[in-house]
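Lettering of chains follows the sequences in order, A, B, ..., and the numbering in each one begins at 1.
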Amino acid sequence: MAVIRQLVPWALAQCVKLLLLLAAVSVASFGLMELSPIDPVQAYIGADMMRVSAEQREAIAAYWGLDQPPIEQFGRWLTSLLQGDMGTSMIYRTPVTEVLAEKFTASMWLMGTAWLLSGLLGFGAGVLAAMKEGSWLDRVIQWVCYTLASTPSFWLAIMLLLAFSVWLGWLPVGLGTPAGVLREEVSIADRLHHMILPVLTLSVVGISAIALHTREKLIEVLHSDYVLYARAQGERGLLLVWRHGLRNIALPAVSLQFASFSELFGGAVLAEQVFAYPGLGQATVEAGLRGDVPLLLGIVLFSTVFVFCGNMTADMLYRILDPRTREVKA
Amino acid sequence: MALLEVNDLSISFEQSAGWLRQRYIPVLHQLQLTVDAGEVVAVLGASGAGKSLLAHAILGILPSHARITGEMTYRGERLTPQRQAALRGMDIALVPQSVAYLDPLMPVGEQVRHAVKQGNKRERQRESFRLYRLGEEVERRYPFQLSGGMARRVLVAAATASGARLIIADEPTPGLDPDVMREALGRFRELADVGCGVLLISHDIASALTVADRIAVMYAGTVVEIARAADFAGDGTALRHPYTRALWQALPQNGFVPLPGEPPQLGERPHACAFASRCSAATDACLHEQPPVRELRRGLVRCVHAS
Ligand code: SF4
């Protein structure tokens with residue numbers, strides 16, 4: 001009960017924070033799009049530029065409301081947003097909510113798998129390295145982590161692509177589904193097959209942070225007074241790590257993983273771009289390059305909420321699970 | 001037969017000095033000590049004299065780069081690493097200094113139950129909690145929810161519940177309320193009175209003398225004197241070593257005579273009496289080698305001039 005009583009005011013404060021954040025983020029993104037040299041009408045028409053008359057262009061601009069002053073455009077967007085309408089994407093010509101739903105579903109599989117995979121692998125590698133601190137295994141794990149951490153993910157993606165798709169030919173070069181196959185005929189196996197490389201790239205991005213963090217935390221715990229005491233009581237080996245180690249490092253590790261949603265999202269943008277995976281990341285790049293303001297704003301708002309939820313979950317886990325942040329029952 | 005006997009114990013730490021070369025940093029030198037069942041032996045010394053190293057060496061929980069020579073026996077049996085692993089927590093228990101030695105995320109009842117090695121864990125834990133006036137609700141508390149005195153009692157309760165015969169106790173953290181301190185030390189006396197041997201690590205003569213039968217005084221990595229508690233009386237003439245006498249005379253009730261100088265750093269192999277630079281009785285004879293241990297008036301001393 002005490003936990004809940006403490007949590008309510010905190011949750012309310014978080015909501016206010018989120019609203020302010022969303023407001024700031026949308027104003028900033030809108031402003032940036034206004035300042036960008038991309039002419040949305042031109043981007044929309046594309047190569048047909050020569051064959052479209054000035055009148056037609058104006059008609060298009062009027063259709064999208066682009067002929068109005070920026071403040072008014074923003075005002076209209078905001079009013080309809082408050083009514084639950086995020087507008088219509090200019091490039092996909094469908095409501096932004098629909099685009100978001102579709103793209104996010106695709107990305108979610110990618111990001112979710114990568115998130116779990118990097119979390120588990122990273123945690124495992126960190127625990128292993130810490131338990132064998134100073135050994136060659138520890139050194140190899142650290143070396144790999146530092147190397148991965150300093151590898152640009154798009155470069156890694158290209159390398160993986162070259163190795164597995166071009167040279168070995170085991171995996172498809174890109175896209176979320178086989179080319180030339182109808183949507184209804186795409187099997188789950190096909191989808192999985194196409195996900196392997198993007199997931200791999202994206203996982204690798206996250207592994208080193210969690211592994212190095214876990215290693216450091218566990219080493220700290222293993223050198224702590226309470227582990228010394230546990231050893232003095234005859235505990236040792238795996239049992240000791242299980243009882244005192246994991247208990248003390250699991251929470252920070254899980255929190256870190258939740259707090260890494262922004263890196264995950266950033267990584268997804270790059271990975272999806274390289275593998276032409278039709279997810280939210282790729283839609284972000286498209287929307288930006290082609291001046292699709294409603295879609296871009298939609299994505300920005302959505303990803304803000306997404307990252308915010310990750311951070312909030314991280315914070316909340318501590319509040320609920322760590323006895324030290326609970327009320328002292330004296 | 002002594003419960004614990006430590007003979008000629010030396011410890012050094014291996015340190016790599018460049019490629020493939022190792023240096024050994026000596027920290028404890030040829031240390032002697034015995035603890036009998038039913039007695040409290042206080043190990044007294046300034047911080048850095050090597051008291052906790054001694055405790056960890058007996059338990060066999062020194063870091064892996066420690067090199068140990070000499071001999072330790074428990075009830076007449078050699079304490080090999082295997083033997084230590086078997087006895088740790090079973091026959092030999094550690095009572096740490098403070099609540100920081102408890103796992104911060106585990107309820108204390110559970111931690112005490114882990115300490116129980118024989119019999120029904122929950123029953124033994126409850127029993128020892130009752131013995132130390134710890135209510136059942138304390139079981140579910142986390143270390144941070146305990147008061148200083150309660151934490152002490154939990155730590156002693158863990159040692160009692162383990163059923164160990166030899167208790168190695170670190171003196172409670174200084175700064176504890178004096179009543180709590182007295183109570184905490186009194187617990188060790190009680191444990192000795194029911195037949196345990198207690199090795200009490202302390203840096204405060206006055207409090208150690210309230211419970212100890214014998215006092216081992218450490219200086220710069222070795223035991224320089226083992227005295228009976230009764231020897232600490234009057235102006236300290238019954239004491240054997242100049243350092244012990246200086247400690248005794250530095251107490252407020254004994255004249256508050258300060259001892260000038262600083263103890264040497266650990267890490268030097270003794271080629272002379274380590275106390276020589278601060279000793280008013282030092283002569284050339286003191287500088288040749290580390291003075292050998294001698295028996296003197298039912299105690300031990302490591303000083304060439306002691307009589
Ligand atoms: S051996 Fe010499 S220097 Fe050392 S304590 Fe005895 S008298 Fe002092």
Point to revise | Choice from A/Gly234, A/Ser224, A/Ala232, A/Ala230 maximising heavy atom contacts with chain B below 4.5 Å | key: A/Ala232
Check your understanding: Heavy-atom distance under 4.5 Å to chain A: side chain of B/Glu110, backbone, both or neither?
Key -> side chain
Review point. Are there more than 12 heavy atoms of other residues, nucleotides or ligands under 6.0 Å from atom CG of A/Leu238?
Key: no
**Study point:** Greater than 12 external heavy atoms within 6.0 Å of B/Arg165's CZ
**Key:** no
Practice item. Tell me, yes or no, whether the heavy-atom count around A/Trp10 atom CH2, taken from other residues, nucleotides or ligands under 6.0 Å, exceeds 12. Key: yes
**Study point:** Which atoms of A/Arg243 approach chain B - backbone, side chain, both or neither, heavy atom under 4.5 Å
**Key:** both
Revision key, fill the gap. Residue from B/Leu59, B/Leu87, B/Leu94 scoring the most non-hydrogen pairs under 4.5 Å with chain A is B/Leu94
Review point. What part of B/Ala115 lies closer than 4.5 angstrom to a heavy atom of chain A: side chain, backbone, both or neither?
Key: both
Check your understanding: So how far is it from A/Leu228 CG to B/Leu62 CG, rounded to the nearest 0.5 Å?
Key -> 9.5 Å
Practice item. State the CG-OH distance between A/Asp322 and B/Tyr142, to the nearest 0.5 angstrom. Key: 9.0 Å
Exercise for review: Calculate, to the nearest 0.5 Å, the distance between atoms CG and OH belonging to B/Leu105 and A/Tyr226 respectively.
Suggested key: 7.0 Å
**Study point:** CD/A/Glu216: more than 12 non-hydrogen atoms of other groups inside 6.0 Å
**Key:** no
Practice item. Check the surroundings of atom NZ in A/Lys217: do more than 12 heavy atoms from other residues, nucleotides or ligands lie under 6.0 Å from it? Key: no
**Study point:** B/His114 vs A/Gln233 side-chain heavy atoms within contact, under 4.5 Å
**Key:** no
Practice item. Identify which of B/Ser162, B/Pro104, B/Ala55 forms the greatest number of heavy-atom pairs closer than 4.5 Å to chain A. Key: B/Pro104
Check your understanding: Any idea which heavy atoms bring B/Tyr101 and A/Tyr229 closest together, and the distance?
Key -> O-CD2, 3.0 Å
